[in-house]
Each structure stands twice: as C-alpha cells, then as structure tokens.
Amino acid sequence: MKFRNFKMVDYVVYGSGCFDQLGEILAPRRVGDAPMIFFVDEYFRDKQAFLSRVPLQGKDKIVVIDVTHEPKTTYVDKIRDELQAEFGTVSGIIGIGGGSVMDMAKAVALMMTNPGSSADYQGWDLVKVRGVYKVGVPTISGTGAEVSRTCVLTGPTRKLGMNSDFTTFDQIVLDPSLTKTVEVNQRFYTAMDCFIHCVESLQGTYLNAFSKSYGEKAQDLCEEIFLQKEKWDDDADEKLMMASYAGGMSIAYSQVGVAHAVSYGLAYLLGTKHGIGNCIVFDKLEEFYPDGVKKFKEMVKKHNIEIPQGITKGLTDEQFDTMINVSLGMAPLWENALGKDWQQQMTRERLRKLYEQL
C-alpha cells in the first residue's frame, strides 16, 4: 500500500500583531529588484491605516482584488498577463484577505511560471513547474485556504481547483487581530465552511488518525465558539483562526463531502459564494450528516443567522443539468462521502431532488 506524501506549508507565524513582521519575513525572499506583489481584498481599498502597514519597498505593488465573484480563470490569466507585461517577473505574491484572495494569490503565483491558461490546470496534479514565492495572510477565518493544496477557480466549463503540491503557500501569517472587523453574517458563513468540512472529513470514508486529530479539534473549537460562548471576544477570534488552520489540515489527508460537492454546482451556475453556499446545502443534509446538521441549526438559531431558501426555484432543466454535471465531476468528494460505489448511490435523479430543495 502506498501512502500519500503530501506537501504542507513551509513556514507559519502566529500571534496577534504578527502581520507587522511581514517585511522581515519577505526580505530574504526578494530576488534582485523584482517586486513583491501584494494582493489585497477590496474590503481594504480605502482602509489607509491598514494599507500603510503593508511593507512596500522598491517597485513593490498593491493589487486590489475584486471579490464580487469567486476567482475565475479569466481573472487569474488577466492579472498574470498584466504583471508579466509590467515587471517580467516578480519576487513573490502575497495574498491578504479571505479565501478568494488567497486562492488568487496561489493561482497567479503558479501561472507566473507555467504556460497557457489557468483553466489548463484545473484538476489534480496537472501543475508541473513551481510558481513564484507566495504568502497567505487570512483576514477572515474558516476557509482553510491558508493551508490547502488547492486554489478553487471557476473556469469555462467547471468550478475546480488547481490541486497540486506546488499550490500550497510557502509562508502563512496568522494574525487574529486582522479578523476583528469582519461583518457578523460573513464571519458565520465562513466559519461554517470550517465546521462543515470537519463534519464531512470526520464522517468520510477517507478518514484516518491524521485527519481525525485535526478535524476533531477544529470542530470542537467551532462548537465552543458558536454554541457555548455568549459574546464575541478576542478569544473567539484566536480560536476561530486556529479552527480554520486545523480544519484545513483535517482535509489535507482526507477530503470534504456532500455539501461541498453540491455547492460547487451552485457556485458555477448561480455565482453563490462558497461559505454561504455550503450553509444553504448543509441545511438540507440531515440524511447524510444528522448530528452535524442538528448542531448547525442550533448555531444558526443562537446567532440569528438567515440561511437563504428557494434559490433554485424556477431553474430550467438545462440549468439543473449544468449544476449536476459540475457536482458529479467532484469524484473524490463523493467517494469520501459515500464510498467507492458512490455513482450507484448518487444518481442524477437523486441529486436533482437535492438541488430542488435548496
């Protein structure tokens, strides 16, 4: 039996205020006068107090990333082309923001050294050349994008990640103070991405002691924060950031499941963002994850969160087929959830009925 020899993040710095060490961390990674490029979430566009902390020098540049939609292959290619036209090469790319910004940073870093379009690399282990140096700085907790070996992109025919050992960040900066200004609903939706992929990992057929140890800790932290705490405080920010990290690690050696597989179809067709999409789907998955869904509903009620309903009402047969095709293309997710005979269990008809409930 062969075991997966998977790539992890090389360096991790954690602590409130550690963002201010970024300049020091980047210094030895600079190559001549090639700039560092800072991808910054559009949320910070007018936040001069924050932008002034970005350690710019020389030809360094801040690129504000549009997160209206989740990352598209066309957007990745466009920014890659612009950077190559302006600078030729760069020393590195630093993603500062939510999961979409970090996925953009990973994708563009890879495309600076790999030919063609990012759509050519949607899949597993298709990237053949190491990208430029890349750093992830999450400013919202839950996605696990800071530690995952994928950067999820919407391409011309599918929503699928560039999954490879070259995709992981070289460095991550985990500063819980950067998450303090996240809006309540968005914080919940993104945190539930963490909770949901822990549930999916812990109940999946790929489960092992490695993923279980991280997944159980991350799920426990989510339940402590969202079921036991009576108010949000610094401790909650710190614990949620570590839940995000551990949750990401829990699926590094296993996989996610039904909620993620179904939400990919929503995102591709309707542009539903990842966190809220997972919540919309998970809300209807008692059949697959009864205990997890029960706890999720308790969290929703306790925090007065609205989960959108009826978003697939009125869709055409063609549109349902599009979502089904995208979802069924996520074979590893379905196999983790249902086993090797998943195709016999999750028929197109059964998946159509599930989509109709959303």
Side-chain angles (χ1 to χ4, degrees), residues 4 6 8-9 12 98-99 102 138 140-150 152 161 163 172 174 176 179 186-229 236-264 273-300 302-303 305 307 330 332-338:
R4 252 183 82 201
F6 72 90
M8 299 170 68
V9 173
V12 181
M102 287 190 287
I140 186 171
S141 297
T143 68
E146 63 271 22
V147 292
S148 75
R149 74 188 295 272
T150 188
V152 182
N163 296 271
I172 58 176
L174 303 180
T179 67
Q186 185 58 57
R187 181 173 65 201
F188 183 89
Y189 296 140
T190 309
M192 287 303 102
D193 184 19
C194 175
F195 176 75
I196 291 165
H197 66 225
C198 287
V199 171
E200 292 174 320
S201 172
L202 292 169
Q203 294 189 36
T205 63
Y206 291 0
L207 185 65
N208 53 66
F210 185 100
S211 55
K212 186 177 181 181
S213 62
Y214 282 104
E216 286 180 340
K217 183 60 178 177
Q219 186 171 335
D220 286 347
L221 286 169
C222 288
E223 291 177 16
E224 177 187 345
I225 295 164
F226 288 100
L227 290 177
Q228 298 172 24
K229 277 186 170 290
D237 283 323
E238 292 172 6
K239 287 178 175 174
L240 186 55
M241 180 159 275
M242 292 317 301
S244 179
Y245 176 85
M249 289 296 294
S250 77
I251 57 174
Y253 216 110
S254 72
Q255 252 305 347
V256 287
V258 177
H260 279 72
V262 175
S263 74
Y264 274 84
K273 290 201 171 184
H274 188 68
I276 194 169
N278 282 333
C279 289
I280 290 168
V281 178
F282 197 68
D283 192 50
K284 309 296 183 185
L285 295 186
E286 291 96 339
E287 175 185 2
F288 300 96
Y289 308 108
D291 184 59
V293 173
K294 179 183 177 184
K295 290 177 180 176
F296 169 76
K297 289 180 180 293
E298 289 173 7
M299 295 178 190
V300 168
K302 179 178 173 68
H303 293 271
I305 302 296
I307 305 299
M330 311 303 294
L333 283 65
W334 287 112
E335 183 176 320
N336 180 52
L338 302 176

query = Heavy-atom distance under 4.5 Å between the side chains of Phe195 and Met299, does that happen here?
reply = yes

query = Between the main-chain N or O of Cys198 and the side-chain N or O of Ser201, is there a donor-acceptor pair closer than 3.5 Å?
reply = no

ask   = Do the non-hydrogen side-chain atoms of Tyr264 and Val152 ever get within less than 4.5 Å of each other?
value = yes

inquiry  = Do Ile307 and Val300 make a side-chain contact, defined as non-hydrogen atoms from C-beta onward lying under 4.5 Å apart?
reply    = yes

request  = Specify the closest pair of heavy atoms between Leu202 and Leu207, including all atoms of both residues, with the distance to one decimal.
outcome  = O-CD2, 3.2 Å

request  = For Val9 and Val147, work out which heavy atoms get closest and say how close.
outcome  = CG2-CA, 4.0 Å

note = Closest non-hydrogen atoms of Met241 and Pro138, given as atom of the first, atom of the second and distance, are CE-O, 3.9 Å

key: Ile225 side, atom CD1; Ser141 side, atom OG - distance, nearest 0.5 Å   = 8.5 Å

query = Between Tyr253 and Phe6, is there a donor-acceptor pair closer than 3.5 Å when you use the side chain of the first and the backbone of the second?
reply = no

request  = Sorted by first residue and then second, give each salt bridge (Lys or Arg N to Asp or Glu O under 4.0 Å) pair with at least one member in residues 237-264; sequence neighbours left out.
outcome  = Lys180-Asp237, Glu224-Lys239, Asp235-Lys239

task = To the nearest 0.5 Å, tell me how far Met192 CE sits from Phe282 CZ.
result = 9.5 Å

query = Hey, does the side chain of Ser213 reach the backbone of Phe210 with a donor-acceptor pair shorter than 3.5 angstrom?
reply = yes

message = Minimum heavy-atom separation for His197 and Ile251, please, with both atom names.
response = O-CG2, 3.9 Å

query = When rounded to the nearest 0.5 angstrom, what is the spacing between NE2 in His303 and CZ in Phe188?
reply = 6.5 Å

Nearest heavy atoms of Ala337 and Val258, plus distance in Å = CB-CG2, 3.6 Å

message = Checking Met8 against Met249 for the side-chain contact (heavy atoms from CB on, under 4.5 Å) test, could you report, in this order, the C-alpha distance in whole Å, the side-chain angles of both residues, the deciding distance, and whether it holds?
response = CA-CA 9 Å; Met8 299 170 68; Met249 289 296 294; 3.1 Å; yes

task = With rounding to the nearest 0.5 Å, note down the distance linking NZ in Lys229 to CD in Glu223.
result = 15.0 Å

query = Can you check whether His274's main-chain N or O pairs, donor with acceptor, with Ser263's side chain at less than 3.5 Å?
reply = no

key: Contact check, side chains of Phe296 and Val199, non-hydrogen atoms, under 4.5 Å   = no

ask   = Which pairs, with at least one residue in residues 276-291 and sequence neighbours excluded, count as a salt bridge (Lys or Arg N to Asp or Glu O under 4.0 Å)?
value = Asp283-Lys297, Glu286-Lys297, Glu287-Arg350, Asp291-Lys295

Separation between OG1 of Thr205 and CG of Asn336, rounded to the nearest 0.5 Å = 5.0 Å

query = About how many Å separate NE2 of His260 and CG of Asp193, when rounded to the nearest 0.5 Å?
reply = 4.0 Å

inquiry  = With side-chain contact (heavy atoms from CB on, under 4.5 Å) as the criterion, how do Glu200 and Phe288 come out once you've worked through the C-alpha distance, each side chain's angles and the decisive distance to 0.1 Å?
reply    = CA-CA 9 Å; Glu200 292 174 320; Phe288 300 96; over 6 Å; no

message = Run Ile305 and Tyr189 through side-chain contact (heavy atoms from CB on, under 4.5 Å) and show every step you take.
response = CA-CA 9 Å; Ile305 302 296; Tyr189 296 140; 3.7 Å; yes

remark   = Between Phe226 and Lys302 the two heavy atoms that sit nearest each other are O-CD, 3.2 Å

